[in-house]
Amino acid sequence: MAKDFITRKENYSEWYNELVVRADLAENSSVRGCMVIKPYGYAIWEKMHTLMDNMFKETGHQNAYFPLFIPKSYFEKEAEHVKGFAKECAVVTHHRLRAKPDGSGLEPDPDAKLEEELIVRPTSETIIWDTYRRWIKSYRDLPILCNQWANVVRWEMRTRMFLRTAEFLWQEGHTAHATKDEAEKEAKKMMEVYATFAERYMAMPVVRGVKSENEKFAGAVDTYCIEAMMQDGKALQAGTSHFLGQNFAKAFDVKFLNKDNQLEYAWATSWGSSTRLMGALIMTHSDDNGLVLPPLLAPIEVVMIPIYKTDEEKTMINELAQRLQKELQAKGIKVKYDNDENTKPGWKFNEYEFKGVPVRLTLGARDLKQGLVEVFRRDTLAKENHNVENIVSYVEDLLKDIQQNLYNKALKYRQYNTREVNSWEEFKVEIEKGGFLLCHWDGTTETEEKIKEETKATIRCIALDAKEEEGKCIYSGKPSHRRVIFARNY
RNA sequence: CGGGGUAUAGCGUAGUCCGGUUAUCGCGCCUGCUUUGGGAGCAGGAGGUCGUAAGUUCGAAUCUUACUACCCCGACCA
C-alpha cells in the first residue's frame with residue numbers, strides 16, 4: 001500500500017536503501033560513509049543493546065571501556081592483524097589547528113604534529129591486550145571477561161547504511177583465560193549467545209559455523225560465526241566469535257604464573273556484533289509495504305488509532321484508549337495511542353505499517369457501537385474484528401504468534417533456498433539463483449579463491465552440525481569429508 | 001585508486017543541446033475554512049548565492065576552464 005515504494009523484486013538494494021530512510025531508521029550524514037541513526041532506528045538498536053547486554057552479564061561478563069585511539073606501534077605488533085586492518089584505518093597526526101596564513105580557514109598546526117601517530121580503533125584487541133599485560137600476573141587473575149560497547153572506524157571504500165559504514169556501533173568482548181580449552185569453550189559459548197539472540201529476539205534463523213582459513217578474523221586461530229540468509233538469497237554474517245590462541249598474548253607479552261609456578265602465555269577470545277544487525281533485521285522480515293519488526297524488538301508493539309466524527313465519540317474513544325493503554329502496559333506491552341488530529345486515520349495506517357509496528361488496533365466509533373475493534377497484524381497484513389472485552393489477552397497472544405510466525409517464515413525461506421550442489425557446472429548455474437549451496441570442498445585456500453574469482457561466491461562457513469560425508473570437491477575433484485556453505489554475501 | 005555519471009527550494013525535478021522578461025512543476029512546509037473507516041479538498045502564503053571559483057558576453061542555470069562534493073560500476077570489506 002506504500003506510495004511510490006519500490007518492490008524487492010524490482011531492485012532489492014534500492015528497496016533496502018529507501019526503506020531505511022522512509023521508515024525513519026537512519027539517514028546519510030554530510031560526512032562521507034557515516035550515517036545518522038534516527039530516534040526510531042536507535043530505539044531498535046537500544047533494545048538489541050539491552051537484551052544482548054543482559055545475556056553477556058548472565059554469562060559472567062562485565063562492561064569496561066578502552067580508548068578510542070590506539071598508538072600505531074601497538075597496532076603493528078600482531079602481524080596478521082595489521083595486514084587485515086591497515087588498509088582501512090583513520091590516522092590522527094596532529095592535536096591542534098591553526099588559522100591558515102591566507103586567512104581562508106584552518107589547517108593542522110605543523111608544530112602540533114604527534115610524536116607517535118594514533119589509529120582510530122577499527123577493533124580493540126591491541127589496546128586491550130596491552131592493558132591486560134598489567135592485569136594478568138597469576139592464574140588467579142584469570143579469567144578476565146570484559147565487554148565494551150563502543151564505536152569503531154573502518155575506512156570502507158563503499159558503504160551502505162547499517163550494513164557497512166565507515167563508523168559503526170558495536171560491542172566487542174575480550175576475554176583472557178588460563179587454558180586453551182577454556183578459551184575455545186568461551187568462543188563457542190559466545191557464538192551460541194549470538195545465535196540465541198538472533199533466533200529468539202530477532203526471529204532470524206542462523207547457521208552456526210566456523211570460518212575457513214581465508215575468511216577468518218585477522219589474528220584469530222578460529223573464527224566462529226552465525227550466518228543468516230537475506231531475502232535476496234545473499235548471506236550476511238551477523239556475529240563472530242574468535243578463538244585467538246596465544247597470538248595477542250605473545251604480541252603483547254601477557255604471561256602468568258600457573259599452578260606449577262611456570263610462566264605461560266594467556267589464551268584469548270574476542271567476539272563482536274554491530275549495528276549491522278539492524279540491516280540483518282530489516283532484510284530478514286520486511287516486505288514491499290515497508291519495515292516488519294518482530295514484537296520483541298519493536299519500539300512500539302501496538303498502535304491504537306481512533307476514528308470518530310462527533311465530540312461524544314471522541315470522548316468515548318479517548319477513554320477506552322486510555323483504559324486499554326494501561327491494561328496493555330501492565331502486561332509489559334509497548335503501546336502508543338496516536339490521537340494526533342493533524343493527520344487522518346488513513347495516513348496513520350500507512351505510516352505505522354511502513355514502520356513495521358506489529359499490531360494495530362483501530363478504535364472506530366462505528367465498530368465500537370457493536371463492541372468491536374479492528375485488529376491488524378503487520379506480518380500477514382490480515383485484519384479482523386475482535387471483541388473489545390478480551391482484547392488485551394488476545395493482543396498478548398497475537399504478539400507471541402507474530403514473533404513465532406516471523407521466525408518460521410524466515411526459516412522456511414532459508415530451507416527452501418538451501419540446496420546441495422555436486423558439480424562445478426551445476427554450481428555456476430545455481431549460484432546465480434542465490435541462496436546457500438552445500439558443496440564438497442577440498443579444504444584449500446587456492447580452491448576457495450578460484451571459486452571466488454570465477455563466481456563471486458565465498459565459503460560462508462563450515463556448519464558446526466555438518467554431517468560427515470565422503471565426497472569430491474566440486475572444483476578440484478579432490479576428496480572431501482563434509483559439505484560447506486557457499487554463497488554470495490554482504 | 002581506475003572507468004562512467006550527476007550537481008537547480010527541505011526532497012524529487014523542468015529548463016542546459018540552440019545564452020535573452022519575474023527560473024518550471026510535484027511533494028513537503030506555513031495560515032484559514034471544510035474534513036476524518038486506507039496517504040483529504042479548496043483558497044492564500046513562505047522558501048533559490050541554479051555545487052564553488054574564474055573566464056567569454058551588452059546579457060550566463062545555459063558556453064569555456066579549473067576545483068569540490070556526491071552517485072553508479074570495479075578493486076577492498078563486518
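Only heavy atoms go into these numbers, but all of them, side chains included; no hydrogens, no water, no symmetry mates. Below, chains carry the letters A, B, ... as their sequence lines are ordered, and counting in each starts from 1.
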Polar side-chain atom of [X] near backbone of [Y] as donor-acceptor pair, under 3.5 Å:
{"X": "A/Tyr40", "Y": "A/Ala23", "value": "no"}
{"X": "A/Thr223", "Y": "A/Phe217", "value": "yes"}
{"X": "A/Ser29", "Y": "A/Cys34", "value": "yes"}
{"X": "A/Tyr16", "Y": "A/Arg160", "value": "no"}
{"X": "A/Tyr352", "Y": "A/Val359", "value": "no"}
{"X": "A/Arg121", "Y": "A/Phe66", "value": "yes"}

Can you say whether a donor on the side chain of A/Lys383 sits under 3.5 Å from an acceptor on the base of B/G38, or the other way round? yes
If I take atom [atom1] in residue [X] and atom [atom2] in nucleotide [N], what distance separates them, rounded to the nearest angstrom?
{"X": "A/Glu215", "N": "B/C76", "atom1": "CD", "atom2": "P", "result": "12 Å"}
{"X": "A/Lys348", "N": "B/U35", "atom1": "NZ", "atom2": "C1'", "result": "14 Å"}
{"X": "A/Asn342", "N": "B/A40", "atom1": "CG", "atom2": "C1'", "result": "13 Å"}
{"X": "A/Asn289", "N": "B/G39", "atom1": "CG", "atom2": "C1'", "result": "13 Å"}
{"X": "A/Glu18", "N": "B/C27", "atom1": "CD", "atom2": "C1'", "result": "14 Å"}
{"X": "A/Asp24", "N": "B/C11", "atom1": "CG", "atom2": "C1'", "result": "14 Å"}
{"X": "A/Asp338", "N": "B/G39", "atom1": "CG", "atom2": "C1'", "result": "14 Å"}
{"X": "A/Asp311", "N": "B/U35", "atom1": "CG", "atom2": "P", "result": "13 Å"}

Nucleotide of [options] approaching [X] most closely (side-chain heavy atoms):
{"X": "A/Lys87", "options": "B/G39, B/C76, B/G37", "value": "B/C76"}
{"X": "A/Trp347", "options": "B/G37, B/G39, B/G38", "value": "B/G39"}
{"X": "A/Arg366", "options": "B/G37, B/U36, B/G38", "value": "B/G37"}
{"X": "A/Glu156", "options": "B/C76, B/G37, B/G39", "value": "B/C76"}

Geometric class of the A/Trp170/A/Phe168 ring pair [parallel <30°, tilted 30-60°, perpendicular >60°]: perpendicular
Along RNA chain B (nearest heavy atom to each residue), the more 5'-positioned of A/Gly364 and A/Met157: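 Result of the comparison: A/Gly364.
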Walking RNA chain B from its 5' end, the first of A/Phe162 and A/Phe354 to be reached, judged by nearest nucleotide, is A/Phe354
With side chains defined as the heavy atoms from C-beta onward, is the minimum distance between A/Met190 and A/Phe56 less than 4.5 Å? yes
In whole Å, what separates the [atom1] atom of [N] from that of [M]?
{"N": "B/G32", "M": "B/U6", "atom1": "C1'", "result": "41 Å"}
{"N": "B/C76", "M": "B/U8", "atom1": "P", "result": "33 Å"}
{"N": "B/U62", "M": "B/U16", "atom1": "P", "result": "12 Å"}
{"N": "B/G55", "M": "B/C1", "atom1": "C1'", "result": "32 Å"}
{"N": "B/G10", "M": "B/C63", "atom1": "C1'", "result": "31 Å"}
{"N": "B/C71", "M": "B/C11", "atom1": "P", "result": "14 Å"}
{"N": "B/U31", "M": "B/G47", "atom1": "C1'", "result": "15 Å"}
{"N": "B/U49", "M": "B/G2", "atom1": "P", "result": "33 Å"}

Answer with base, sugar-phosphate or nothing: what part of the nucleic acid does [X] contact at a heavy-atom distance below 4.0 Å?
{"X": "A/Leu163", "value": "base"}
{"X": "A/Thr362", "value": "base"}
{"X": "A/Arg22", "value": "base"}
{"X": "A/Arg32", "value": "sugar-phosphate"}
{"X": "A/Lys211", "value": "nothing"}
{"X": "A/Asp367", "value": "base"}
{"X": "A/Thr275", "value": "nothing"}
{"X": "A/Ala238", "value": "nothing"}
{"X": "A/Glu341", "value": "nothing"}
{"X": "A/Phe168", "value": "base"}

dist A/Arg460:CZ -> A/Lys211:NZ (nearest 0.5 Å) comes out at 4.0 Å
Out of curiosity, A/Thr362 OG1 to A/Asp367 CG, how far, rounded to the nearest 0.5 Å? 8.0 Å
Give the dot-bracket line for RNA chain B from 5' end to 3' end: parentheses for intra-strand Watson-Crick or G-U pairs under 3.5 Å, square brackets for crossings, | for inter-strand pairing, dots for unpaired. (((((((..(((.......[....))).((((((.....)))))).....(((((..]....))))))))))))....
Can you check whether A/Lys344 has a side-chain N or O nearer than 4.0 Å to OP1 or OP2 of B/U34? no
